[in-house]
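Counting starts at 1 for both ligands and their atoms, following the listed order.
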Amino acid sequence: DVMKELLGLRHLEMSLSQQLGVKQVLVVAGDSDEDSWVKREMGRACIGELKARLRPKDVVAVMGGTTLAAVAEMMTPDTQTREVVFVPARGGLGEQVENQANTISAEFASRAKAQYRLLHVPDQLSEEAYTSLVLEPSVQDILKLIKSASTVIHGIGDAQMMAERRDSSGSFIDKLKREEAVAEAFGYYFNRAGQPIHKQRTIGLQLDDLGEHKYVISVAGGRSKAEAIAAYMKYRPSDVLITDEAAARSLLRVP
Ligand code: G3H
């Protein structure tokens with residue numbers, strides 16, 4: 001029955017919180033590898049968390065991906081959301097437009113009737129172009145805003161899958177295999193121990209910027225992401241992890 005089901009999920013949340021060292025874990029029913037509505041359910045849970053914390057004039061930085069796109073779809077306006085500013089956490093990572101952080105941050109803002117700012121950075125930047133771009137006053141302005149974000153919402157992906165989806169070169173995909181990358185988040189790739197082994201060059205929030213003062217919400221589900229979630233949480237346990245039952249059971253090795 002419904003009650004038992006709820007109690008079961010609650011148990012997964014508590015066990016996972018302990019195993020991963022994440023203060024708060026929310027588990028929704030289902031497997032987002034199998035059913036796309038599960039991403040929207042994680043989205044609903046994420047919006048609830050976000051709204052419980054938001055203060056007017058807060059800056060919220062969001063990353064890209066299909067999960068974050070589903071989270072944005074669940075946003076609704078509220079008195080405390082109107083003065084919030086949504087920004088992309090980092091520049092382009094080679095995603096299709098609907099999965100880009102810029103697009104998703106604009107979608108959050110439009111649904112929340114809030115504000116947004118875009119960060120225009122080409123995906124493939126040379127070192128020189130990168131160095132001069134970050135000196136542009138308009139880019140500096142938005143970067144300052146991004147770094148001031150109180151809250152960051154991001155997805156976590158499987159390393160190989162993300163590299164392929166972003167059309168990375170064969171040599172890069174080989175490097176990920178050699179170095180046993182399992183997770184991707186923010187354009188960083190991590191091994192099983194949670195050590196960052198590669199960073200995609202783009203401006204915006206860097207891993208070191210996720211200090212203690214930012215409230216970080218990770219949203220990632222599906223059985224296929226269990227290993228990636230475990231690896232990333234070793235690097236920096238998030239304040240909140242929103243996941244699904246299939247990932248939770250796989251992480252906890254319960255059938
Ligand atoms: O940056 C993207 C995430 O790492 C995962 O993307 O939500 O489409 O699986 P996804």
Under a 3.5 Å cutoff, is there a donor and acceptor pairing between the side chains of T81 and K51?
no
Please confirm whether R117 makes a cation-pi placement over F86, using NZ or CZ under 6.0 Å from the six-membered ring centre and within 45° of the ring normal.
no
So, K225 and S250: side-chain donor and acceptor under 3.5 Å apart, yes or no?
no
Residues in side-chain hydrogen bond (donor to acceptor under 3.5 Å, both in side chains) contact with D33, at least two apart in sequence or another chain
S224
Contact residues of ligand 1 (heavy atom under 4.0 Å), by chain and number
G64, G65, T66, T67, G155, I156, G157, M162, R165, R166, E184, K225
Quick one: do the E13 and Q24 side chains pair a donor with an acceptor below 3.5 Å?
no
Can you tell me if Q206 and R90 form a side-chain donor-acceptor pair at under 3.5 Å?
yes
